[in-house]
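As C-alpha cells, the structure follows; a few thoughts come after it.
Read the numbers this way: they start at 1 and go in the same order the structure lists the ligands and their atoms.
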Amino acid sequence: MDINVVNSLTYEDFVQIFGSVVEKCPLISAAVWSRRPFRDLADIETHITEFIHNLPDSGKEGILRCHPDLAGRDLQSGTLTRESQEEQSQAGMDTLDSTEILHMYRLNAQYKERFGFPFVICARLNKKAEILHQLSERLTNDRAAERERAIEEVKKICSLRLRNIVRCDIQTKL
Ligand SMILES: NC(=O)NC1=NC(=O)NC1=O
C-alpha cells in the first residue's frame, strides 16, 4: 500500500484497515495512528512493536488472551476472524482428526492453566508437527520467558498481516 495513501487515511479508515494486524487489538493501531506520517510500512511495524514492548506485563498478557486457541472452539464453530481462519487453515489446523484435536485441546488447556494466557505461535510459519512440538516444549518455560516468547510470535503474526495488506494493494494495482 502506497505509504502516502496510508498517511492520508482518516483515523477511522486507518483503524479499519490496520486494526486487526494484532488479533482483536484495534487499540494498538488506534494508538499508532497518531505517530504518522510513517516513512514506510516497516515504520508502522516499528511503532506497533514499540507500543507492545512498552506495555506492562498485564498488557502483554491481555494481547495474548485476545488470540483464539489453535484448533480450538472458535475454529470448530467457524467463529475465527478471517485472518485467524486463513492462518490456522494454512497450518493444517482445520484438517486434524479427532484424536489430534483432543491432544491440542489438552495441551492448550495445560498451557493456559500454567501461564494464565493461551499458547500463541505464528501459524503461517509452522505446520502441525512443529506447533505440537513447540506447545509441548514451551510448557516448560518460566512465565516471564514464555510471555516474551509468545509476544515475539504476536509480532511475527503482525508482520505477516501487515505485508498481506500491502500485497492485496499491489494486486489491485496490477
Ligand atoms: N493461538 C494462536 O497462536 N492463534 C493463532 N496464531 C496465528 O497465527 N493465527 C492464530 O489464530
inquiry  = Any nitrogen or oxygen of Arg161, side chain or backbone, less than 3.5 Å from one on ligand 1?
reply    = no
key: Under-4.0 Å heavy-atom contact with ligand 1, by part of Glu153 that carries it   = neither
ask   = Which of the atoms of ligand 1 are close to Ile157, meaning less than 4.0 Å from one of its heavy atoms?
value = 6 (N), 7 (C), 8 (O)
ask   = Should the heavy atoms of other residues, nucleotides or ligands under 6.0 Å from CZ of Arg35 be counted, would the total exceed 12?
value = no
task = Examine the side chains of Gln16 and Glu12 and answer whether a donor and an acceptor come within less than 3.5 Å of each other.
result = no
ask   = Between Phe115 and Phe117, what is the ring plane arrangement, given parallel below 30°, perpendicular above 60°, and tilted in between?
value = parallel
Any N/O pair Pro68/ligand 1 closer than 3.5 Å = yes
ask   = Going by the atom numbers of ligand 1, which of them fall below 4.0 Å from some non-hydrogen atom of Cys122?
value = 8 (O)
request  = Looking only at protein heavy atoms, identify the closest one to atom 9 (N) of ligand 1 and say how far it is in Å.
outcome  = Glu87 OE1, 2.8 Å
request  = Classify the angle between the aromatic ring planes of Tyr11 and Trp33 as parallel (below 30°), tilted (30 to 60°) or perpendicular (above 60°).
outcome  = perpendicular
Pro118 near ligand 1 by a heavy-atom separation under 4.0 Å = no
inquiry  = Test your reading of the structure: does Phe119 have an N or O sitting under 3.5 Å from an N or O of ligand 1?
reply    = yes
query = What is the nearest protein non-hydrogen atom to atom 11 (O) of ligand 1, stated with its residue, atom name and distance?
reply = Ser84 OG, 2.9 Å
Identity and distance of the protein heavy atom lying nearest atom 6 (N) of ligand 1 = Ile121 O, 2.9 Å
query = Quick one: do Asp69 and Lys112 make a salt bridge, cutoff under 4.0 Å?
reply = yes
ask   = Based purely on interatomic distance, does Asp69 place a nitrogen or oxygen under 3.5 Å from a nitrogen or oxygen of ligand 1?
value = no
note = For atom 5 (C) of ligand 1, the closest protein heavy atom turns out to be Leu70 CD2, 3.8 Å
inquiry  = Below a 4.0 angstrom heavy-atom separation, can you tell me which part of Ala123, side chain or backbone, both or neither, approaches ligand 1?
reply    = both
query = So does Glu153 pair up with Lys156, basic N to acidic O under 4.0 Å?
reply = yes
inquiry  = At under 4.0 Å between heavy atoms, is it the side chain or the backbone of Val120 that contacts ligand 1, or both, or neither?
reply    = both
message = Can you confirm whether Leu139 sits close enough to Gln110 that some side-chain heavy atom of one is under 4.5 Å from a side-chain heavy atom of the other?
response = yes
query = With a 4.0 Å cut-off, would you call Glu45 and Arg163 a salt bridge?
reply = yes
request  = In plain terms, say whether Lys155 and Glu152 are close enough for a salt bridge, that is, a side-chain N and a carboxylate O under 4.0 Å apart.
outcome  = yes
inquiry  = Counting only nitrogen or oxygen atoms and a 3.5 angstrom limit, does His67 reach ligand 1?
reply    = no
query = Does the side chain of Thr46 come under 3.5 Å of the side chain of Glu50 through a donor N or O and an acceptor N or O?
reply = no
